[in-house]
S.K.: 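Mind looking over this structure? Questions follow.
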Amino acid sequence: WLFNGIIDLLYIDEQGRLVVQDYKSKSSFKSKAEQKEYARQLYLYSLYVKEKYGKFPELLRFSMFRKQKYTDIPFNTSDCEEALSWAKNTVSAIRNCWDFSPSCEDFYGNQLCNHREYCDYKI
């Protein structure tokens with residue numbers, strides 16, 4: 001499958017490490033689990049870096065620009081493999097889904113949905 005993404009910043013830091021950096025407007029991650037979910041994006045970018053430059057980045061960095069702080073994740077091969085597996089499973093689930101039933105949420109359905117004026121499923 002072809003994935004489309006744009007790496008915010010790829011650079012070699014003052015210690016000679018190849019770094020993939022992503023900017024986030026959030027001030028912090030709510031938990032390690034949430035951080036791991038967000039890191040999947042950077043691990044998928046890392047696959048391109050490996051293809052293009054012949055090596056994986058050594059560091060994945062989130063720049064939380066609202067609070068002027070960084071969250072660093074040392075590159076880990078098993079987490080990269082997990083991110084790739086997650087991406088493959090997600091694409092497979094999407095391609096195998098045939099149930100497109102609406103999910104009617106009150107606020108979204110009545111305030112934001114572009115089809116709310118003529119939707120048969122309106123709440």
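All values below come from the heavy atoms of this structure, side chains included, with hydrogens, waters and symmetry mates left out.
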S.K.: Listed by chain and number, what are the side-chain hydrogen bond (donor to acceptor under 3.5 Å, both in side chains) partners of Lys24, not counting sequence neighbours?
M.R.: Asp22, Gln41
S.K.: I need the Leu59 CG to Leu42 CG distance, nearest 0.5 Å.
M.R.: 10.0 Å
S.K.: Would you say the side chain of Ser85 lies within less than 4.5 Å of the side chain of Asn89, judging by non-hydrogen atoms?
M.R.: yes
S.K.: Keeping to residues at least two apart or across chains, list the salt bridge (Lys or Arg N to Asp or Glu O under 4.0 Å) pairs with something in residues 81-99.
M.R.: Arg40-Glu82
S.K.: Sequence neighbours excluded, which residues qualify as ring pair (Phe, Tyr, Trp, His ring centres under 6.0 Å) partners of Phe29?
M.R.: Tyr38, Phe62
S.K.: Between Leu84 and Tyr43, does a side chain to side chain contact (heavy atoms under 4.5 Å, CB included) hold up when you go through it step by step?
M.R.: CA-CA 8 Å; Leu84 181 58; Tyr43 277 112; over 6 Å; no
S.K.: I need the full list of side-chain hydrogen bond (donor to acceptor under 3.5 Å, both in side chains) pairs touching residues 66-75, with sequence neighbours left out, sorted by first then second residue.
M.R.: Arg61-Asp72
S.K.: Hey, does Pro57 have a side-chain heavy atom less than 4.5 Å from the side chain of Val19?
M.R.: no
S.K.: Please name all residues satisfying side-chain hydrogen bond (donor to acceptor under 3.5 Å, both in side chains) with Ser31, sequence neighbours left out, ordered by chain then number.
M.R.: none
S.K.: Quick one: does Val49's side chain get under 4.5 Å of Val20's, heavy atoms only?
M.R.: yes
S.K.: What residues, two or more places apart in sequence or in another chain, satisfy side-chain hydrogen bond (donor to acceptor under 3.5 Å, both in side chains) together with Gln35?
M.R.: none
S.K.: OH/Tyr48 to CG/Leu10 distance, rounded to the nearest 0.5 angstrom?
M.R.: 9.0 Å
S.K.: Measure across Phe3 and Ala87 and return the closest heavy-atom pair with its distance rounded to 0.1 Å.
M.R.: CZ-CB, 4.0 Å
S.K.: Sequence neighbours excluded, which residues qualify as side chain to side chain contact (heavy atoms under 4.5 Å, CB included) partners of Gln15?
M.R.: Asp13, Arg17
S.K.: Only counting residues at least two apart or in another chain, list the ones meeting ring pair (Phe, Tyr, Trp, His ring centres under 6.0 Å) with Phe56.
M.R.: Phe75
S.K.: Might you point out which heavy atoms bring Leu60 and Ser46 nearest each other, and give the distance in Å?
M.R.: CD2-OG, 3.5 Å
S.K.: I'd like to check the side-chain hydrogen bond (donor to acceptor under 3.5 Å, both in side chains) partners of Asn114; sequence neighbours left out, ordered by chain and number.
M.R.: none
S.K.: Just to verify, what does Leu9 make a side chain to side chain contact (heavy atoms under 4.5 Å, CB included) with, not counting sequence neighbours?
M.R.: Tyr11, Gln21, Tyr23
S.K.: Can you measure from NZ (Lys52) to CG (Leu47) and round to the nearest 0.5 angstrom?
M.R.: 15.5 Å
S.K.: Quick one: do Tyr53 and Leu44 end up in the same hydrophobic cluster if we chain Ile, Leu, Val, Met, Phe, Trp and Tyr together by side-chain heavy atoms under 4.5 Å apart?
M.R.: yes
S.K.: Run the salt bridge (Lys or Arg N to Asp or Glu O under 4.0 Å) test against Glu37 and tell me which residues pass, sequence neighbours left out.
M.R.: none
